[in-house]
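To keep things clear, I will list the structure first and then write my remarks on it.
So you know, we letter chains A, B, ... as the sequences are listed, proteins then strands, and number each from 1. Being a predicted model, the structure only gives us computed values, none of them experimental.
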There are 2 protein chains.
Amino acid sequence: MAAPESGATLESVALAAGVSRQTVSNVLNAPERVAPQTRQRVEEAIQALRYRPNRSARSLRTRMSNLLGYCVQPAAAGNLNPVLDRFVHAVTEAAAEHGFHVLLFTAPAGAAGLDRYAELLAQRAVDGFVLADTVVADPRPGWLTEQGVPFVAFGRSWSGPDRGLWVDVDGAAGMTEAVEHLHALGHRRIAFIGWPEGSGVGDDRVAGYTAACLRLDLDPWIVRAEGGPGTGRELAGRLLDAAEPPTALVCVSDESAYGALRALADRGLRPGEDVAVIGFDDTPAARLPGVDLTSLSQPIEQIGREVVQMLLGLLGVVELPPGPEHRLLRPALAVRASTRPAGPDPAAPTEAR
Amino acid sequence: MAAPESGATLESVALAAGVSRQTVSNVLNAPERVAPQTRQRVEEAIQALRYRPNRSARSLRTRMSNLLGYCVQPAAAGNLNPVLDRFVHAVTEAAAEHGFHVLLFTAPAGAAGLDRYAELLAQRAVDGFVLADTVVADPRPGWLTEQGVPFVAFGRSWSGPDRGLWVDVDGAAGMTEAVEHLHALGHRRIAFIGWPEGSGVGDDRVAGYTAACLRLDLDPWIVRAEGGPGTGRELAGRLLDAAEPPTALVCVSDESAYGALRALADRGLRPGEDVAVIGFDDTPAARLPGVDLTSLSQPIEQIGREVVQMLLGLLGVVELPPGPEHRLLRPALAVRASTRPAGPDPAAPTEAR
DNA sequence: ACGGTGCTTTTGATCGTTCAAAGTGGGATC
DNA sequence: GATCCCACTTTGAACGATCAAAAGCACCGT
């Protein structure tokens, strides 16, 4: 069978179609300039030879690599971040719609990693960057802005003035919704299990909780993990053993929530029936049968699309969407059994005691 | 301050150092050909101008993109695969050591996705592919071999003859070790919670379990999830409610094991003390306080390194390591409380019941 | 007949690098 | 002193695409 003859070039296609290089190039990049009849002939030749423009040659001439840089952080032990997984996928897919791909690289955290970004830029290996996991005092947005490098971040610049474009999840709004949901179910003693102060994401979420409590005339009741994340079980345990324990637990993450569920089980309490529990992230495990954790679901796919849209806008590939330089998207509350008393008719909403 | 002058080229460096293009090129690619004195002068000019070779130009000339293609599968709902995360990171890091980067792309599963691979090849966008998540009757290894495309897979070709190079985890050996570990602890009724037949990975793992049982003169006792993965709780429940329930549960994945732990909690049974539980993957959650699941840990970082090593070998970048065309690495059993009775002296092995 | 206009196509130059081959100059060889 | 060799350096020609500008051609009005 006719092999693809992997050596097709503009020149060879032009020869086959009886036109010049540039005409073939125009068929691909500016078809309206080519007479319909010629165009068809060229397109047939392209098909026949399975021609695809060489990316390196195109990049060299146009000074665009059609690659977006994305840094994969060293996976810290015990750092399960199921969200970034989905984000990378969404970005990759959105980029593909415009002929772009994602280039992965690694870099140490903080200012030490900026070299890698600089290296890729100097090599003209990427056209811009997608940032994720921005942290407080992250040096990247400021540095990239100074260098005039196109980038869009998933996550605010948590300290100092906003630098560059970003898309983020409104964790505060999500937590407010969680509290309101619990309040509507009749809960009045709602505690919050959080991270230590100082993390942008964590502080944002606790702020939403506090605001909702004040508005609903509830007393905020906040406990924080001292020894880092992952100690939800202990914290929840202490809460549940209090003289007047909370009837509902709002957790800064699903991970904390799983710990809280564990603490409930330790005491023979049943989630949803005895104590309500809400997490954040809507991790896959939350919807497993037997877990059924109510959780706030981040619109990761949409964030990925918007980040790419903005970045390609900066690059002049698509029209830059009008509007503000950042977008704050609301997470959605996925209500499951952990905030809904089980019963013979699980579909019916139940008024709490 | 002196801006990096992002426009440095071979020519401008040559001018600055008072030599020709090619000499600068040689300093970078074949330093031994250049007189030490000249070399130093050129290196200083490179430093001063912050010169980095343009990747597109180099790729165009050498016909090597220095990019490895990696397909991110559409994240199926409820498909938590914390392992691939780490794998991608390991591959990215190993590739960086040789000046390579990872190019991400998406493709539909099965034969329909081959087009995307072909597209990238025709564009000369990548030099080869890293495959992950190989499944039974995966069309990719065969197709890539036919096309003469360099690739290495993480995962065997589960059906038909082996095509191409691969690195994989010896799931069978891991499960055998798990059974032996339980046997040494005194367990004699050891059940296996598995996936439906037909998945390469699942069948491999159950085979290791069965082999160990036969060798140790135990009766294999296998139950499988009918409705796909994630129903470990139900399966374990049925086992525990049997007239003569097993004293230990070996699970095909951590996900199943978490379900099993849940089933234990439902019945007031304590993992490690009443019933032993072992998972597979050593997911981050396994080592959370309060979970403490014994699990088989895959040497993902090593696999990533080896995959890259082999692929760069195929590409002629490094010397192809001698030896067989595939490597099978043993997972390590991380022993935690779920197979170890709690007590004042957790180090002492306990005879069962 | 002439030049202008608009549409279509072609030509030469260029992007920044490496390959292949040719050019230096000094010292040893005959 | 001519020859050869060796170590080092330079020169021209690609790689495959796009940009910018020129050229061909049909049609129109004067």
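- Between A:S56 and D:dA17 there is no side-chain polar atom (N or O) within less than 4.0 angstrom of OP1 or OP2.
- Interatomic distance, CG of A:L67 versus CZ of A:F100, reported as 8.5 Å (0.5 Å rounding).
- Under 4.0 angstrom from either OP1 or OP2 of C:dT18 there lies at least one side-chain N or O belonging to B:N29.
- Rounding to whole angstrom units, CG of residue B:L10 and P of D:dG12 are separated by 17 Å.
- Side-chain atoms of A:Q22 lie closest to D:dA20 of the nucleotides D:dC8, C:dT8, D:dA20.
- Atom CZ in B:R33 sits about 11 Å away from atom P in C:dT18, given to the nearest Å.
- Nucleotide D:dA17 holds its P atom 11 Å from the CZ atom of B:R124, rounded to whole Å.
- In this structure, CZ of B:R55 is placed 20 Å from C1' of D:dA17, rounded to the nearest angstrom.
- For B:E119, the CD atom is densely surrounded, since the number of other residues' heavy atoms within 6.0 Å is greater than 12.
- At whole-Å resolution of the value, CD in A:E11 and P in D:dA14 are 12 Å apart.
- Across all strands shown, B:T38 has heavy atoms under 4.0 Å from sugar-phosphate atoms exclusively, and none from any base.
- For A:S25, a side-chain nitrogen or oxygen approaches OP1 or OP2 of D:dT18 to under 4.0 Å.
- Under the 30°/60° scheme for interplanar angles, the aromatic rings of A:F129 and A:F105 are found to stand perpendicular.
- Among the nucleotides D:dA17, D:dT18, C:dT17, the one closest to the side chain of A:A57 is D:dA17.
- The CG-P distance, from B:L15 to C:dG16, rounds to 14 Å in whole Å.
- Side-chain atoms of A:E43 and A:Q47 form no donor-acceptor pair, as typed in the model, at a separation below 3.5 Å.
- Mapping B:L60 and B:N26 onto DNA chain D via the closest heavy atom, the residue that lands nearer the 5' end is B:N26.
- Counting heavy-atom neighbours within 6.0 Å of B:E32 CD, excluding the residue itself, gives a total above 12.
- In terms of phosphate contacts, A:R21 brings no side-chain nitrogen or oxygen within less than 4.0 Å of OP1 or OP2 of C:dT9.
- An OP1 or OP2 oxygen of C:dT14 is reached within less than 4.0 angstrom by no side-chain nitrogen or oxygen of A:R61.
- Separating the CG atom of A:N54 from the C1' atom of D:dT18 is a distance of 13 Å, rounded to the nearest angstrom.
- The side chain of A:T9 approaches D:dA17 more closely than any other nucleotide in the set D:dA17, C:dT8, C:dA20.
- Considering only side-chain atoms of A:T23, the nucleotide from D:dT9, C:dT10, C:dT14 that sits closest is C:dT10.
- Within the 4.0 Å cut-off from OP1 or OP2 of D:dT10, at least one side-chain nitrogen or oxygen of B:S20 is found.
- Below 30°, between 30° and 60°, or above 60°: for B:F87 and B:Y70 the angle between ring planes is between 30° and 60°, a tilted geometry.
- Proximity of A:R63 to the phosphate of C:dG16: a side-chain N or O atom is located under 4.0 Å from OP1 or OP2.
- In this entry the distance linking CZ of B:R39 with C1' of D:dA7 reads 13 Å, nearest Å.
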